[in-house]
Asker: 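One structure, pasted below without further comment.
Both counts, for ligands and for their atoms, begin at 1 and track the order of listing. Heavy atoms only: backbone and side chains are in, while hydrogens, waters and symmetry mates are out.
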Amino acid sequence: MKVLKFGGTSVGSPERMKKLLNIINADERQIVVLSAVSGTTNNLVEIGQAYLKGDKPKAAALIKALKGKYELFIKELFKEEKYLNRGKEVIDYHFGLLTMLSNDLFTPIEDKIILAQGELLSTTLYHVYLQEIGVPSVLLPALDFMKVDEDHEPLVDYITDHITPLLNKNPDNKLFITQGYICKNSFGEIDNLRRGGSDYTASLIGAAIRSEEVQIWTDIDGMHNNDPRIVKGTQPISQLSFDEAAELAYFGAKILHPQSVFPAQKYKIPVRLLNTMDPQAAGTLITNDSEKNKIKSIAAKDDITAIKVQSSRMLLAHGFLRRLFEVFERYKTSIDMITTSEVGVSLTIDDTTHLGEITKELNAFGSVELDVNQTIICVVGDFGAEKHGYAARVLESVKHIPIRMISYGGSDHNLSLLVKTEDKVEALRSLHSRLF
Ligand code: ADP
Ligand code: ASP
Ligand code: MG
């Protein structure tokens, strides 16, 4: 059974929604994961922020504007009065809830309920649309099977145990629709898999049901060899390994949620990145295999802080790095890049929530320096230890840009550079024109 995920632009208008059936094979048993209509989650974020600030009039105005968009949406989506009325009921229910939340004490719990409404709306409206055109489908409530633990880690076995009976209950049904992004947390509250999380949902369901393939349908023909929003003339990559794709997603290739590759990788489920606007395009196939002897792609991750700890006590000492890392562990802060010399360590973090406490503790080790507004440029390719010339080519391409850190050899397929964010665009363009 395949899992097909359609992103925000792929369900972004009634016309696009109707065209999904050109891609979905309604005769094949499959699970279709939908995102919210594009723009909706951003709007819901704004509504939540207005409530959190106590600005109820602003929240009300935002809700009204968003509801207006959906009223137009359903007018185009449905033909018959009966289904248009059903669509109206759906909208009234979800927008009624958004309005009602103003009566309660507003906390991050209510905020997450707000964020969940986008995917609930898109899937329910699509389900009603399929009823209107006579295509049988079953709506699977993601909140009944998608779950994360207290560390926000998804529970694949739980998902298997809870989605399987829902599928088995409908042995003759071909098409199952469900919400991306949303889940329950360990307190049983509504939560989400973070922005862009519908990709993660698809991969998790794929893993949970041991799917034959996960397809991520979006607005571009697969993973490109550089960020198409910044660099002109980028090209799609036909094949990537799970590790390479994970690296690119983690280091900024927005086409994939940073964690979405791991569940598919664990259960060896092929992932295809495909283009809804050009369904015939080959896209990108992600499997265990990798194309050899190539520099494949470049990605960039912003909002990085570099921390340098210098201490002569590190010289010939053992246990220094362990104690240093323990500081980050205590504050649940993950480290992305690390470089060391005999008297100093530089490392990078993206989550600065506990930077103050971390810096304070690090001061006990030696002098601490911080560099903010940094960007990691990640070059992915086949860089095994026996290879030569790749690092030289990369560095030659950015010789006019100041480099704060270089990381090579951590894996066989990654070379990362840390630059100032103001130099990112030039670094990406220069690498692109010289490497490809
Ligand atoms: P969806 O709403 O379908 O999930 P996203 O906007 O999350 O779509 O992801 C697709 C977008 O990712 C593309 O439109 C593109 O601008 C952006 N993107 C960034 N880096 C890359 C890359 N390396 N390859 C392809 N797309 C990328
Ligand atoms: N709708 C969510 C977002 O915009 C999830 C997704 O689209 O993947 O982040
Ligand atoms: Mg996305």
Asker: Output the set of protein residues with a heavy-atom contact under 4.0 Å to ligand 1, ordered first by chain identifier and then by residue number.
Answerer: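 Contacts of ligand 1 under 4.0 Å: K5, G7, G8, T218, D219, I220, G222, M223, H224, N226, D227, P228, R229, A253, K254, I255.
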
Asker: Counting only heavy atoms and a distance below 4.0 Å, can you name the residues contacting ligand 2?
Answerer: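 Correct list: S35, A36, T41, E119, Y181, R195, G196, G197, S198.
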
Asker: If we ignore hydrogens and angles and just use 3.5 Å, is the side chain of E213 paired with the main-chain N or O of P270 as donor and acceptor?
Answerer: no

Asker: What's the spacing between D172 CG and N170 CG if we round to 0.5 Å?
Answerer: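 One gets 8.5 Å once the value is rounded to the nearest 0.5 Å.
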
Asker: Can you tell me if K67 has over 12 outside heavy atoms packed within less than 6.0 Å of its NZ?
Answerer: yes

Asker: With rounding to the nearest 0.5 Å, note down the distance linking CG in D27 to CZ in R29.
Answerer: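 Answer for the CG-CZ pair, D27 versus R29, is 13.5 Å.
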
Asker: Looking only at side chains, do S35 and S198 share a donor and an acceptor under 3.5 Å apart?
Answerer: yes

Asker: Would the distance check show the side chain of Q30 and the main-chain N or O of M1 forming a donor-acceptor pair, the cut-off being under 3.5 Å?
Answerer: no

Asker: For the pair D191 and K112, find out whether any cationic side-chain nitrogen is under 4.0 Å from an anionic carboxylate oxygen.
Answerer: yes

Asker: So does I114 get a backbone contact from the side chain of Q117, meaning a donor-acceptor N/O pair under 3.5 Å?
Answerer: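 Judged by distance alone, no pair lies under 3.5 Å.
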
Asker: Tell me, with the steps shown, if D302 and T375 meet side chain to side chain donor-acceptor pair (under 3.5 Å).
Answerer: CA-CA 4 Å; D302 294 333; T375 291; 2.7 Å; yes

